[in-house]
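Below is one structure, written out as structure tokens; the observations come after it.
Counting begins at 1 with the first residue of the sequence.
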Amino acid sequence: MTATPKQYPLRLQWPVRLDELGNVLEDIGLRPQLTDDGDTSLQPFIGVSESARSIRQMLSQVAPTTATVLITGQSGTGKEVVARQLHEQSQRSGEFVAVNCGAIPAELLESELFGHEKGAFTGATVRRKGRFEQANGGTLFLDEIGDMPSAMQVKLLRVLQERVIERVGGMKSIAVDVRVVAATHRDLEARIAEDQFREDLYYRLNVVEIEIPPLCDRADDVEPLLAEIVGRHRKRHGVAVHFDAFAINALTRYAWPGNVRELANLVERLIVSKPYGDIGLRDLPVEISGIDPVECSANENALGQIPAAPIDLPSDGVDLRTHLAAVERTLILEALAKADGVVARAAKLLSVQRTTLVEKIKRYEL
């Protein structure tokens, strides 16, 4: 059943003052973006790995509760996706409101979170609700909580304890029903040891912790994530690309320092350059494929000239990814043996860059 989009009336009086227009436009920017079919629901946390399944199980258990949740993991792993899923599965009637605590100047963060009264400071020409009030009945996602200034940590702790806020310049306590979900890529325990984060706030936020491993630790998730990202582009823009088995194997073996965000950016870049195209090893960046484009252009048939070893395909099939990895490992060992262990010479024998071979040697623990 398709959800009915919420309507957001604009309450403006004419003639419109610039400060009022700015507040309305800013408020619109906080509202959830609708997908093409008008549904604000999101796809579940994608993946077939054990960690992905564990995260989905945790979401189903925690979402119906009111527990405060701390999501940890490297940048680009999908912390906001998990936060939005917590809200979607919670059945809370209010909105999902996200705040990046590291992107807002310290002197403005209090007003952003708690709002302000008219005349509270220079430029406060109208009363403004903060993010806590906007998320009343819903979920407030505090991203990069580890970068929150110390003074704001004290005020946030009070709100979490008492469930009331006060607007800047106001004297009235306002009760709020908000489920707080925080996220960080920082080691908060290390920040506590450095006196950069309050220990009492950490324990108040960390009622339930959901840790998202980096993409390099869940390589099995690369292929389903790739399919999801390509499918999303096909649905929204009517364009798509197809990755062959060699490209998918290279993507699976890559370390992904930028995690899922890096994968999504790569797909978008390839769709722009080759819409409706077939993507092979040569189309991937050299750090992923291990193929130098200069060397490829000098020998257009380089890949086709690699002799194929005769293989009898078992009746029950074969795991292509495992087989290709075994072949790659064997070739690297043979190249190192012929090169007397000199990595640069072995890289030349394999027609890959030295840095790429070093990464593969570490990956295979050779």
Side-chain angles (χ1 to χ4, degrees), residues 3 30 32 39-101 113 131-132 134-148 153 156-163 165 175-189 191-192 197-215 217-218 220-221 224-225 228 259-261:
L30 299 174
D39 190 357
T40 58
S41 62
L42 300 176
Q43 293 292 330
F45 190 79
I46 301 296
V48 296
S49 66
E50 181 60 35
S51 58
R53 290 194 292 267
S54 297
I55 289 171
R56 288 195 294 270
Q57 177 65 25
M58 179 75 76
L59 284 170
S60 65
Q61 293 174 343
V62 177
T65 74
T66 59
T68 303
V69 177
L70 178 64
I71 306 171
T72 59
Q74 295 178 3
S75 295
T77 50
K79 295 188 289 296
E80 185 166 348
V81 171
V82 171
R84 287 183 180 273
Q85 275 298 302
L86 276 169
H87 175 70
E88 290 287 327
Q89 296 181 31
S90 72
Q91 303 302 313
R92 294 181 66 85
S93 59
E95 295 181 4
F96 177 90
V97 178
V99 185
N100 189 322
C101 299
L113 291 178
R131 308 294 178 94
F132 267 94
Q134 292 165 5
N136 194 30
T139 302
L140 180 62
F141 176 51
L142 300 177
D143 198 8
E144 300 303 346
I145 191 71
D147 296 326
M148 177 175 280
Q153 293 178 28
L156 176 61
L157 179 62
R158 176 179 177 271
V159 172
L160 293 177
Q161 290 172 337
E162 302 179 13
R163 298 294 171 176
I165 63 166
V176 288
D177 173 21
V178 175
R179 203 251 185 92
V180 173
V181 177
T184 183
H185 71 282
R186 296 188 180 275
D187 183 342
L188 291 186
E189 293 184 350
R191 299 278 284 176
I192 291 171
F197 200 84
R198 292 183 62 92
E199 186 174 18
D200 47 5
L201 177 59
Y202 170 72
Y203 288 115
R204 179 67 65 172
L205 292 171
N206 194 17
V207 177
V208 176
E209 180 178 358
I210 299 178
E211 181 180 1
I212 307 178
L215 189 54
D217 288 348
R218 46 191 183 101
D220 289 344
D221 293 344
L225 280 167
E228 165 66 20
N259 293 294
V260 181
R261 184 180 296 123

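- In this structure, Asp143 and Val99 have side chains that are not in contact, with every pair of non-hydrogen atoms separated by 4.5 Å or more.
- Arg53 places a side-chain N or O within 3.5 Å of a backbone atom of Val48 that can act as its donor or acceptor partner.
- Arg131 places no side-chain N or O within 3.5 Å of a backbone atom of Leu140 that could act as its donor or acceptor partner.
- In this structure, Arg204 contributes its side chain and Leu156 its backbone to no donor-acceptor pair below 3.5 Å.
- Rounding to the nearest 0.5 angstrom, the gap separating the CG atom in Asp200 from the CG atom in Leu160 is 10.5 Å.
- Here the side chains of Ile210 and Leu70 are not in contact, with every heavy-atom distance at 4.5 Å or above.
- The closest side-chain heavy-atom distance from Gln134 to Glu95 is not below 4.5 Å.
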Could you walk me through whether Tyr202 and Leu157 satisfy the side chain to side chain contact (heavy atoms under 4.5 Å, CB included) test, starting with their C-alpha distance in whole Å, then the side-chain angles of each, then the deciding distance to 0.1 Å, before giving a yes or no?
CA-CA 9 Å; Tyr202 170 72; Leu157 179 62; over 6 Å; no
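- The two atoms that bring Ala63 and Gln89 nearest to each other are CB-CB, 3.5 Å, heavy atoms only.
- Closest non-hydrogen pair, Ala98 versus Glu80, comes out as CB-OE2, 4.0 Å.
- A 4.5 Å side-chain heavy-atom check between Val208 and Thr68 finds every atom pair outside the cut-off.
- Between Gln91 and Pro64, the closest side-chain pair of non-hydrogen atoms is not below 4.5 Å.
- One finds no salt bridge joining Glu88 and Arg84 here, because no Lys/Arg side-chain nitrogen approaches an Asp/Glu carboxylate oxygen to under 4.0 Å.
- Leu188 and Gly146 get closest at one heavy-atom pair: CD2-CA, 3.7 Å.
- For the residue pair Ser75 and Glu144, the shortest heavy atom distance occurs at OG-OE2, 4.4 Å.
- One finds the CZ atom of Arg218 at 6.0 Å from the OG atom of Ser49 (value rounded to the nearest 0.5 Å).
- The shortest distance between side-chain heavy atoms of Leu86 and Val62 falls below 4.5 Å.
- The two atoms that bring Phe141 and Ala183 nearest to each other are CE1-CB, 3.5 Å, heavy atoms only.
- Applying side-chain contact (heavy atoms from CB on, under 4.5 Å) to Leu142 and the options Leu113, Asn100, Val97 leaves one that passes, Leu113.
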For a side chain to side chain contact (heavy atoms under 4.5 Å, CB included) check, start with the C-alpha distance between Val207 and Val69, then their side-chain angles and the critical distance, and finish with the verdict.
CA-CA 6 Å; Val207 177; Val69 177; over 6 Å; no
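- The main-chain N or O of Thr72 is never found under 3.5 Å from a side-chain atom of Lys79 such that the two would form a donor-acceptor pair.
- In this structure, CD in Gln57 is found 12.0 Å from CD1 in Ile55, a value given to the nearest 0.5 Å.
- The closest side-chain heavy-atom distance from Ile46 to Asp221 is not below 4.5 Å.
- Here Ile71 contributes atom CD1 and Met58 contributes atom CE; the two are 11.0 Å apart, rounded to the nearest 0.5 Å.
- In this structure a side-chain-to-backbone donor-acceptor pair under 3.5 Å is present from Gln153 to Arg198.
- In this structure a side-chain-to-backbone donor-acceptor pair under 3.5 Å is missing from Gln74 to Asn259.
- Under a 3.5 Å cut-off, the side chain of Asn136 and the backbone N or O of Asp177 do form a donor-acceptor pair.
- Proximity of a side-chain donor or acceptor of Arg163 to a complementary backbone N or O of Val178 within less than 3.5 Å is detected.
- A distance of 13.5 Å separates CD of Glu189 from CZ of Arg191, quoted to the nearest 0.5 Å.
- Across all non-hydrogen atoms, the minimal contact from Pro213 to Ser51 is CG-CB, 3.7 Å.
- With contacts defined as side-chain heavy-atom distances shorter than 4.5 Å, the pair Phe45/Ile212 qualifies.
- Salt-bridge annotation for Asp147 and Arg186: present, with a side-chain N of the basic residue lying under 4.0 Å from a carboxylate O of the acidic one.
- Of the possible donor and acceptor atoms, none in the side chain of Thr77 sits under 3.5 Å from a partner among the backbone N and O of Gly73.
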Could you please spell out the steps behind the side chain to side chain contact (heavy atoms under 4.5 Å, CB included) verdict for Thr184 and Phe197?
CA-CA 12 Å; Thr184 183; Phe197 200 84; over 6 Å; no
